[in-house]
4 protein chains.
Amino acid sequence: MSVGETEKKTPPPADRGRLDKRRAILEAALRVFSRVGYTQASLDMIATEAGVAKPTIYNHLGSKENLFRHVMTDTAARSNAKSLAALESFPGDDEALRTGLEEVAHKLVACYVDESSQAVRRLLYAEAVRFPDLLDAVRASGPDQFIEALAGRLARLANAGHLRIEDPVRAANQFIALVYEELPTYGGSRPLDSGELSDVVVAGVDTFLRAFGTGRTDRTGK
Amino acid sequence: MSVGETEKKTPPPADRGRLDKRRAILEAALRVFSRVGYTQASLDMIATEAGVAKPTIYNHLGSKENLFRHVMTDTAARSNAKSLAALESFPGDDEALRTGLEEVAHKLVACYVDESSQAVRRLLYAEAVRFPDLLDAVRASGPDQFIEALAGRLARLANAGHLRIEDPVRAANQFIALVYEELPTYGGSRPLDSGELSDVVVAGVDTFLRAFGTGRTDRTGK
Amino acid sequence: MSVGETEKKTPPPADRGRLDKRRAILEAALRVFSRVGYTQASLDMIATEAGVAKPTIYNHLGSKENLFRHVMTDTAARSNAKSLAALESFPGDDEALRTGLEEVAHKLVACYVDESSQAVRRLLYAEAVRFPDLLDAVRASGPDQFIEALAGRLARLANAGHLRIEDPVRAANQFIALVYEELPTYGGSRPLDSGELSDVVVAGVDTFLRAFGTGRTDRTGK
Amino acid sequence: MSVGETEKKTPPPADRGRLDKRRAILEAALRVFSRVGYTQASLDMIATEAGVAKPTIYNHLGSKENLFRHVMTDTAARSNAKSLAALESFPGDDEALRTGLEEVAHKLVACYVDESSQAVRRLLYAEAVRFPDLLDAVRASGPDQFIEALAGRLARLANAGHLRIEDPVRAANQFIALVYEELPTYGGSRPLDSGELSDVVVAGVDTFLRAFGTGRTDRTGK
DNA sequence: GATGAATGAGCTTTCATTCAT
DNA sequence: TATGAATGAAAGCTCATTCAT
């Protein structure tokens, strides 16, 4: 449900059931795709999970491929919105710069390891061969936008003299790389431990500040 | 079953053809799997590509699943060996520390973006739901080993006073995160540009040294 | 699964075609199985013979094994019903006891050599290794029941003093053994000759009466 | 074939291994066919069970079909020989006629329920559709011969005034029918109980004597 | 618009059989 | 002669998709 699509305020009552079915289908599809992957997911499973008949899926979404595209773009858009929202709390000055960055990083990591976010990433990556355009599209409207926004925030801090950054986009990418660290390679059978996550984030921000800080924000405590 | 069962030295000449076929099958399988993914890859395609009859694949590998496992573990082992070999040229003192690290980083990135390495990573990730144990096994024998080795190298430099590192494993992870930067998310439709790659590596090493260097290895020239 | 699941009375007219197809499938399956046996019968043959597409068979019956079970139990139940019906005309007193027994025996033999009855017997026996439970089930609901019924009839005659029988179940088995004589071993390439059949039946009843009769029912004519 | 085929005394020593392999193949084949039936038996199983390589079977027997024919005819011939041998002890006069008949009947039933005899019967019946000529051939050289021999014995007794028999062949068939009773339909999952068997035999002989005896051989004891 | 039924295409796997050694 | 390896053919089963109600 791509962000703006839910804003039909009062749908004609006759369409309520219809929209409900559509929503049920999309949600069921995300669950099934996440569970067993694209190819292994049969429309029978999805129809059963959604509580509708198989042809109803065709009536609404047209084909399995199209259903997949909808589910991916919708879910990715929601994930992206959450990540962008996490930037709202980005620190604007060097007061508590370290803790501010850590807080933002924590939120970002939380978005990153969110179940549906992971599912979309895994599925997109998994089906990159079959849907290369889909991967590109989601990237352009998601991570790329997000990096731009983050770069903007960092640039503001650099302009204000709180950080020493030459290339904000690069710095943004490195910030993300450091706080996500080896997260991208996770997702196998082991669930993520929240303590480990926190350590990675703190260490990532620390390294980032050692590289780009002005020296005034030493690591507290230690 | 087991991965290393092909190590019969000096096969009787009668087996030459047999081993050739086996190798042809495994190579063809890697190509086909890379091209269209696990589920979409039919044994017909693989047999045709390998120039053998379909049942021959069963004679050698037993099943599609087993074939996949062999191809993945074999290829991953080769990739891993290359990565570990790249560490051989790791700098041992601070003479040309920066350029030494850059050189190693370049080699590692080259390994990382190597076609078969990318293929394995993509396939493993793609089929993580179907083969969770396989993902774990490859990780344990690949990346995990590699990080340990890299951490050892960094620790040696730290002991010699050339770097300031508290947690070598963490530093190793961060080094990799910085020089690979957003590489993990690549692999869509766009091929990787070698110039961009180089920039990312140089910037990654630079940030790493700003965070962990001793100040004696300032960026040359620039 | 269960055998008797087709007993929906007055199906909605929309189901007519469905039930027709199901029946067509079951009938075609019996024909094909009879003709070439279980293993040699391919679902393609059955589908073609039934005039439906292959997956339709799976929609209705689920699997080849299940299809076979249904066909066997259905047909055996029909055969069994016919045999039991033949007992209705069993003589109740010694008026024309011999001819009464002969008449019943003729009917029973007719049931026994009925095409579909022979087919089921042959198939069950043939596939006894693969479906031992099926053989047991059909026996329990068929021959075993039948022997009980026949034993009851004989016991009644014995009670009335028309026969001298100590163990009615044994006598029933022997009656069947005598009138079927070597029938069980038939079924090869030679069709059964109706004249031979009649002779066997008459001779069987004669022997039975010589062993169990009271002397009042001598062989007529001869 | 082939009762006589094994009587090559002192084969050239070079052929010992060869003949051993042939015998091993035939025995293994009988076991495998009995266990899983004709179609389900693969030549791999048989080769493994016989401890030879698959093509060796072709060298010796030519094809799966031919192998089956050999196994069936060989085993049937052995079974038939045993049944005929059982007739040797057939009583020649009315001294102990009843017990003599019971003894013979017991031997015959023992032959009938012998494992390999049952196996052959089941397999022949099972594959009657595929090998109708084989069924006929085995019958002609087995049961038909046997019934003739039994009829001869009965005729001799009748001639001597110990039995009252008009049609010896018919009487032979009825004798067999009575002592085998429902045996033909056995062979499912339940093993045969030797006590039941004995009861059936005794009762069968009793009925036979009541029908064909001269009155001098009343049931002893009872 | 929603559904039960039907289908064409395709997949993995097995097996009897034949080469080449 | 005995065998390891290879293969052509075919079978059971599944699935995305479409009619007809």
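Letters A, B, ... mirror the listed sequences (proteins, then strands); counts begin at 1.
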With sequence neighbours left out, the residues meeting side chain to side chain contact (heavy atoms under 4.5 Å, CB included) with C/F131 are C/Y38, C/E65, C/F68, C/R69, C/E127, C/D133, C/L134

Sorted by chain and residue number, the side chain to side chain contact (heavy atoms under 4.5 Å, CB included) partners of C/A41 (sequence neighbours excluded) come out as C/V32, C/F33, C/V36

Applying salt bridge (charged side-chain N to carboxylate O under 4.0 Å, His left out) to D/E49 and not counting sequence neighbours gives D/R31, D/R35

Rounded to whole Å, CG of D/N66 lies from C1' of E/dA16 at a distance of 14 Å

Contacts of B/S34 meeting side chain to side chain contact (heavy atoms under 4.5 Å, CB included) (sequence neighbours excluded), chain-then-number -> B/L30, B/A119, B/L123

Separation of F/dA16 atom C1' from A/L61 atom CG, nearest Å, is 14 Å

Here the distance between atom P of F/dG12 and atom CG of C/N59, to the nearest Å, is 17 Å

Phosphate OP1/OP2 of E/dA2 contacted by A/H60 side-chain N/O (<4.0 Å):
yes

By salt bridge (charged side-chain N to carboxylate O under 4.0 Å, His left out), B/R78 pairs with (sequence neighbours left out) none

Residue set satisfying side chain to side chain contact (heavy atoms under 4.5 Å, CB included) with B/S42, at least two apart, ordered chain then number -> B/D44, B/M45

Rounding to 0.5 Å, atoms OG1 (C/T75) and CD (C/E27) come to a distance of 9.5 Å

Hits for salt bridge (charged side-chain N to carboxylate O under 4.0 Å, His left out) against B/R121, two or more places apart or cross-chain, chain-then-number order -> none

Secondary structure of DNA chain E per the Watson-Crick/G-U criterion (both distances under 3.5 Å; [ ] crossing, | other strand, . unpaired) is .||||||||||||||||||||

A correct 5'-to-3' footprint of nucleotides 9-15 of chain E, with B, S and - meaning base, sugar-phosphate only and no protein heavy atom under 4.0 Å, is -BSBBBB

Note: for A/A53 and C/T56 on DNA chain E, the residue whose nearest nucleotide lies more 5' is A/A53

C/I57 CD1 to F/dA11 C1', in whole Å, measures 13 Å

